[in-house]
Amino acid sequence: MSSSIDFTSGNRHASAWRGPVVVMGYADVIDVLLEQHDEIRRLCAGVERSRGAERERRFRELEALVHLHERGERAVVHPAARTGTGTGDVVGTARMLAGAAIQRSLATLHDLGTRHSGFDSGFATLYRAILEHATREELDEFPLLRLQVPVQRLHMMAGELHDVQAMDAA
């Protein structure tokens, strides 16, 4: 699936995730989130290997996408994982807390600036946290959702996720 992101605005939360191209309407919320995880990983690698104005631009893109991604997960995904079983509650809560910690780290790095001498080490720590967070969602939370949530509901959740992210980006 391909994706397109518009990060032309100077407002750090004004970007809109346009999500995966949906073929025949079959993308569900997990497909959308996996596509966003891939894009977040790509953006992290871009921030890591770039410098100067290019690094600043890429970091703003990463910040915006992570914000939208986490906002959507908090509103749509984690609550669905937390219903049904004690395991789901533990997994959903853990992912929500990890996502909040990532957003705090992003805000700290934003305030520091990409040209600050401490940015590289701070970003390396953040990058590892983002990779771990995405992996835990993919291994723990997403399979739980596939088991507990009916397929039709997962498809409806993709629309809900889009709406939350679009409203937040506006």
Side-chain angles (χ1 to χ4, degrees), residues 3 5 7 9 11-19 28-48 55-56 58-114 116 118-146 148-149 154 157-170:
S3 60
I5 302 174
F7 290 106
S9 170
N11 183 335
R12 67 187 246 208
H13 298 302
S15 305
W17 169 255
R18 297 179 200 259
D28 68 21
V29 70
I30 296 169
D31 297 329
V32 174
L33 295 171
L34 289 169
E35 183 76 14
Q36 289 181 0
H37 282 182
D38 289 345
E39 182 65 10
I40 289 168
R41 287 178 177 109
R42 187 190 67 74
L43 288 169
C44 282
V47 170
E48 185 178 55
R55 178 179 256 189
E56 288 176 24
R58 289 174 187 243
F59 183 72
R60 281 193 312 271
E61 290 178 13
L62 175 64
E63 246 185 322
L65 180 53
V66 168
H67 172 78
L68 292 176
H69 179 80
E70 290 302 323
R71 174 69 180 97
E73 285 184 334
R74 274 193 319 273
V76 178
V77 178
H78 301 319
R82 293 177 66 189
T83 60
T85 68
T87 301
D89 191 43
V90 169
V91 168
T93 300
R95 294 303 93 227
M96 201 163 40
L97 292 172
I102 287 168
Q103 287 196 284
R104 285 190 303 273
S105 294
L106 273 168
T108 298
L109 287 173
H110 174 87
D111 292 343
L112 198 61
T114 59
H116 189 278
F119 183 86
D120 286 344
S121 64
F123 186 76
T125 301
L126 173 66
Y127 193 176
R128 285 190 303 275
I130 287 173
L131 293 177
E132 174 64 20
H133 179 65
T135 300
R136 291 279 41 103
E137 285 179 345
E138 292 165 5
L139 295 177
D140 300 338
E141 191 169 36
F142 296 171
L144 190 66
L145 288 169
R146 291 235 188 259
Q148 292 182 349
V149 179
L154 291 173
M157 288 169 64
E160 292 169 18
L161 180 76
H162 174 270
D163 292 347
V164 167
Q165 291 178 339
M167 291 299 296
D168 199 65

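Every heavy atom of this structure was used, including side-chain atoms; hydrogens, water molecules and symmetry mates were not. This structure is a prediction, so every number in the text was calculated from the model and none was measured.
The shortest side-chain heavy-atom distance between Val29 and Val149 does not fall under the 4.5 Å cut-off.
Shown here for Leu126 and Ser105, the closest heavy-atom pair between the two residues is CD1-CB, 3.7 Å. In plain terms, the two heavy atoms of Glu48 and Tyr127 that are nearest each other are OE1-CE1, 3.4 Å. For the residue pair Cys44 and Ile130, the shortest heavy atom distance occurs at SG-CD1, 3.8 Å.
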Fill in: Derivation and outcome, side chain to side chain contact (heavy atoms under 4.5 Å, CB included), residues Leu154 and Met157
CA-CA 5 Å; Leu154 291 173; Met157 288 169 64; 4.2 Å; yes
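With sequence neighbours excluded, the residues forming a side-chain contact (heavy atoms from CB on, under 4.5 Å) with Leu34 are Ile30, Glu138, Phe142, listed by chain and number. With sequence neighbours excluded, the residues that form a side-chain hydrogen bond (donor to acceptor under 3.5 Å, both in side chains) with Glu137 are His37, His133. Partners of Arg128 according to the salt bridge (charged side-chain N to carboxylate O under 4.0 Å, His left out) rule, which considers only residues two or more places apart in sequence or in another chain, do not exist here. Annotation: side-chain contact (heavy atoms from CB on, under 4.5 Å) contacts of Ala75 (sequence neighbours excluded): Arg71, Val164. Under the rule for a side-chain contact (heavy atoms from CB on, under 4.5 Å), the partners of Thr93 that lie at least two apart in sequence or sit in another chain are Arg82, Asp89, Leu97. Partners of Asp163 by salt bridge (charged side-chain N to carboxylate O under 4.0 Å, His left out), not counting sequence neighbours: none found. Under the side-chain contact (heavy atoms from CB on, under 4.5 Å) criterion, Thr114 pairs with Arg55, Glu56, Phe59, Phe119, sequence neighbours left out. By the ring-ring contact (aromatic ring centres under 6.0 Å, His included) test, His78 pairs with no residue at all, sequence neighbours left out.
Distance check, rounded to the nearest 0.5 Å: CD of Gln103 to CD of Glu63 gives 10.0 Å. Note that CD1 of Ile102 is 8.5 Å distant from CD1 of Ile40, once rounded to the nearest 0.5 Å. Going from atom CG of Asp38 over to atom CG of Leu43 covers 11.0 Å, rounded to the nearest 0.5 Å.
Among the candidates Glu160, Gln36, His67, Glu73, the single residue satisfying the side-chain hydrogen bond (donor to acceptor under 3.5 Å, both in side chains) test with Gln165 is Gln36.
A salt bridge links Glu39 with Arg42; the closest basic N to acidic carboxylate O contact falls under 4.0 Å.
In this structure, Asp111 contributes its side chain and Thr108 its backbone to no donor-acceptor pair below 3.5 Å.
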